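These figures come from a predicted structure and were not determined experimentally.
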Amino acid sequence: MAGRPKITITMVDKKGNGACHYGHKIGDRFDFDQDRGKMCPMMLHTAFPYIDILRYGGTVPGEDSEDECLFCCPDARVINIFKIARTNK
């Protein structure tokens with residue numbers, strides 16, 4: 001893999017009944033390198049291990065694509081579902 005791939009995080013679903021305290025909504029899309037200040041710190045904390053796996057050439061077991069994975073917000077009242085996608089720049 002030449003260079004660092006682009007990492008995009010998109011909110012794709014919501015399972016909990018609570019409102020997101022950071023205001024994220026289904027369809028929100030973020031560039032990991034450009035939009036860190038726009039993303040919930042709790043969400044990012046959960047995302048980091050998956051981002052590292054994808055950014056440095058690994059794959060997340062059990063996913064349908066080797067370039068994507070799903071994870072959820074750690075707030076049990078909110079449970080926003082996000083997709084991380086790896087693409088070459």
Side-chain angles (χ1 to χ4, degrees):
M1 189 177 301
R4 262 183 11 186
K6 180 177 178 176
I7 299 293
T8 304
I9 302 171
T10 306
M11 186 171 156
V12 296
D13 201 357
K14 178 176 177 27
K15 302 293 184 190
N17 294 324
C20 175
H21 66 276
Y22 221 76
H24 294 317
K25 295 177 182 56
I26 294 173
D28 286 354
R29 183 178 171 129
F30 306 97
D31 178 308
F32 176 69
D33 293 313
Q34 302 296 318
D35 297 327
R36 288 191 204 176
K38 299 176 184 177
M39 292 180 277
C40 172
M42 290 189 334
M43 178 269 279
L44 276 177
H45 180 78
T46 304
F48 281 134
Y50 301 108
I51 291 167
D52 280 349
I53 290 168
L54 293 173
R55 175 154 274 173
Y56 298 108
T59 58
V60 177
E63 293 294 334
D64 294 334
S65 168
E66 63 183 32
D67 293 316
E68 297 179 353
C69 73
L70 295 174
F71 74 98
C72 64
C73 167
D75 186 338
R77 291 172 192 82
V78 176
I79 314 176
N80 291 334
I81 309 296
F82 295 90
K83 177 178 76 173
I84 301 172
R86 162 180 62 193
T87 56
N88 291 330
K89 289 186 177 180

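- Here the side chain of Arg86 pairs a donor or acceptor atom with the backbone of Glu66 at under 3.5 angstrom.
- Residues Ile84 and Glu63 form no side-chain contact, since every pair of their non-hydrogen atoms from C-beta on lies 4.5 Å or further apart.
- To the nearest 0.5 Å, atom CG of residue Asp33 and atom CZ of residue Arg55 are 4.0 Å apart.
- Scanning both residues, Asp75 and Met42, for their nearest heavy atoms gives CB-CE, 3.9 Å.
- Nearest heavy-atom pair, Cys69 versus Leu54, reported as atom, atom and distance to 0.1 Å: SG-CD1, 4.1 Å.
- Distance check, rounded to the nearest 0.5 Å: CG of Asp35 to OG1 of Thr8 gives 9.0 Å.
- The shortest heavy-atom contact between Thr46 and Cys72 is CG2-O, 3.6 Å.
- Within the 4.5 Å cutoff, the side chain of Cys73 has no heavy atoms near those of the Ile79 side chain.
- There is no path of hydrophobic side-chain contacts, each under 4.5 Å, that joins Phe30 to Val12.
- Exactly one of Tyr22, Phe32, Phe71 qualifies for a ring pair (Phe, Tyr, Trp, His ring centres under 6.0 Å) with Phe82. That residue is Phe71.
- Looking only at distances, no side-chain donor or acceptor of Arg36 sits under 3.5 Å from a matching main-chain atom of Leu44.
- Put simply, the side chain of Arg77 never gets that close to the backbone of Gly18: no donor and acceptor are under 3.5 Å apart.
- Ile51 is connected to Ile53 through a chain of hydrophobic side-chain contacts under 4.5 Å among Ile, Leu, Val, Met, Phe, Trp and Tyr, so both are in one cluster.
- Taken from CD in Glu68 to OG1 in Thr87, the straight-line distance is 10.0 Å, to the nearest 0.5 Å.
- From Ser65, atom OG reaches atom CG of Leu70 across 10.5 Å, with rounding to the nearest 0.5 Å.
- Counting only heavy atoms from C-beta outward, the side chains of His24 and Cys40 approach each other to under 4.5 Å.
- Both Met11 and Phe48 are assigned to one and the same hydrophobic cluster, defined by single-linkage of ILVMFWY side chains at heavy-atom distances under 4.5 Å.
- A single hydrophobic cluster is not seen to contain both Val78 and Met39; linkage of ILVMFWY side chains at heavy-atom distances under 4.5 Å, directly or through other members, places them apart.
- When atom types are taken as modelled, the side chain of Asp28 and the backbone of Lys25 share a donor-acceptor pair closer than 3.5 angstrom.
- For the pair Asp31 (side chain) and Gln34 (backbone), a donor-acceptor distance under 3.5 Å is present.
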